[in-house]
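Everything on this sheet refers to the single structure shown next.
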Amino acid sequence: MIPKQIRAPILRWNILLVIFVIFQLIGWYLALFKIGADTDQGNVYRIIFVHVPIAWCAFFWFFFSALFGLLALLVNNQSVKFDRSSHSSMELGVLFSFLVLVTGSLWGKPTWGVWWDWDPRLTSSLVLFLMGCGYLLLRYFTPNLQARRRVSAIVAILSAFNVPIVYYSVNLWRSLHQPQTFVQSTPNASSDISFVLFFNFVVTFLLSIAIYKIRRQAISAVESLAEARG
Amino acid sequence: MNSSSYGNVSWKVFVYGTYVVVAIFLVVYIFFALYARRSALKNLKEEGFLENENK
C-alpha cells in the first residue's frame, strides 16, 4: 500500500487535472464556435486563442525554471527540491515553446503564405526552444549529481534572459510578426475577443500547473528510486 | 481577404489542425507523466522503500 501522505497529493492533482482539462475544452469551444470571425483574417485568427496562451505559458515556465534554478544555487539544504522543480518547469517550457513554433507555423501559412520565416520573433522563439532542449540534454548527459544541479541551474537562468528578447523582438526589429495585441495605446481587439483570450490563458495556465505538479511528482519518484537504489 | 478558403485549402484545416496538434501533444505528455509517476512508485513499493513510511 502506498502511504497516505504520498497518495493524497497524487489523488488531489489527478482530480484537478480532470477539472482543468474540462475548463480548457470549454475555452476552446468558446474560441472555435462562440466568437465571431475577424474582419481582416476571417476565421483563421481563431488560432490566436491557442497560440498566445501557449506562448505566455512557455515564457512563465522558462522564468519559473530559472527562478527555481537560482534557488537551487542559493539554498543549499533545499537544492534537491528546487532542482526537481526547475527540471519539471523546463520540460513544460520546452513543450510549450515547441507548440508555439508549431501553432505559429500553422497560422503563418494561411496569413503570410509561408510556414516559416527567419523573422526576429520566430528566430528568437526557436533559440528559446533550442536552449530548453540544451538544458534537458545537458541534464541527461551529466552523471554527477552535484555538477548536474549546478550546470542545469546556470543554463536555466541563461535561458530566461532570452524570454524578454522574444517578447520585445517585434518592437526592437523590423518584423513580419504582428506587434503585441494588448499593449498598444488604442485597443485593437474587441472585448469579447479579449475575454475569450484571457479565459483561455487562465485555463491553459491552470492546466499547465496541474501537468507540472504531476510531472514534478514523477521526477521526485524517479529520483527517489534512483537514490534509494544507490 | 477571402475568409472561407486559402488557395484550395479551407481555413478549417489550419484552425482545427492547430487545436488537434496541441491537444495530441498535451495528452501524450500527460500520459507520459502519469505513467512515469506510476511506474516509479510501483518500483519503490515493490523494492520495499515505502515500508518505513507505512509504519
Side-chain angles (χ1 to χ4, degrees), chain A residues 1-7 10 14 17 21 24-25 28 31-32 37-47 49-51 54 88 91-92 95-96 98-99 102-103 105-107 109-111 113 204 207-208 210-229, chain B:
Chain A
M1 186 83 174
I2 293 169
K4 198 184 168 190
Q5 67 265 34
I6 296 175
R7 240 178 331 147
I10 287 175
N14 283 355
L17 176 74
V21 165
Q24 181 65 86
L25 291 175
W28 285 356
L32 287 172
D38 181 60
T39 46
D40 293 327
Q41 290 194 28
N43 281 305
V44 84
Y45 93 105
R46 293 178 197 279
I47 295 172
F49 300 108
V50 66
H51 177 72
I54 278 173
S88 319
E91 275 197 10
L92 277 180
L95 173 70
F96 283 116
F98 172 73
L99 289 174
V102 173
T103 55
S105 188
L106 282 163
W107 197 2
K109 182 62 181 170
T111 50
T204 305
L207 178 61
S208 78
I211 299 172
Y212 161 81
K213 287 300 289 186
I214 288 168
R215 187 64 190 132
R216 173 72 176 73
Q217 289 166 346
I219 286 172
S220 228
V222 169
E223 288 193 2
S224 300
L225 180 66
E227 279 169 23
R229 282 172 174 166
Chain B
M1 179 186 285
N2 181 0
S3 65
S4 61
S5 65
Y6 298 89
N8 293 323
V9 185
S10 164
W11 62 270
K12 290 178 183 173
V13 173
F14 295 103
V15 174
Y16 295 144
T18 303
Y19 282 74
V20 167
V21 166
V22 171
I24 288 170
F25 272 94
L26 289 179
V27 166
V28 167
Y29 186 74
I30 288 168
F31 276 102
F32 159 71
L34 289 170
Y35 174 78
R37 185 182 67 182
R38 191 169 170 230
S39 61
L41 282 172
K42 194 178 157 203
N43 287 336
L44 275 168
K45 186 171 154 262
E46 280 175 2
E47 293 176 32
F49 297 119
L50 298 178
E51 294 298 315
N52 293 336
E53 300 191 43
N54 272 327
K55 285 175 185 169

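On a predicted model such as this, the values are computed, not experimentally measured, just so you know. Note on naming: letters A, B, ... go to the chains in the order of the sequence lines (proteins, then strands), and numbering restarts at 1 for each one.
- At a 4.5 Å heavy-atom cutoff, the contact between A/Val102 and chain B is made by side-chain atoms alone.
- Of all the listed residues (A/Leu106, A/Leu99, A/Leu225), the one sharing the greatest number of non-hydrogen pairs under 4.5 Å with chain B is A/Leu225.
- Between the side chain of A/Arg46 and the backbone N or O of A/Ala31 there is at least one donor-acceptor pair closer than 3.5 Å.
- Residue A/Leu17 touches chain B through its side chain alone, counting heavy-atom pairs closer than 4.5 Å.
- With a 4.5 Å cut-off on side-chain heavy atoms, A/Ile214 and B/Arg37 count as touching.
- For a residue to count as touching a neighbouring chain, one of its non-hydrogen atoms must lie under 4.5 Å from one of that chain's; by this rule A/Leu95 touches chain B with the side chain only.
- Classification of the B/Tyr29-B/Phe32 ring pair by plane angle, with boundaries at 30° and 60°, yields tilted.
- Annotation: A/Arg7, atom CZ; neighbour count of heavy atoms from other residues, nucleotides and ligands within 6.0 Å is above 12.
- Only the side chain of A/Ile54 comes within contact range of chain B, with heavy atoms under 4.5 Å apart.
- Taking the side chain as every heavy atom from C-beta outward, B/Leu26 and A/Phe96 approach each other to under 4.5 Å.
- Proximity to chain A is limited to the side chain of B/Tyr16, based on heavy atoms less than 4.5 angstrom apart.
- Ring planes of B/Tyr19 and A/Trp28: perpendicular class, angle over 60° (limits at 30 and 60°).
- In this structure, the portions of A/Phe49 lying under 4.5 Å from any heavy atom of chain B include both its backbone and its side chain.
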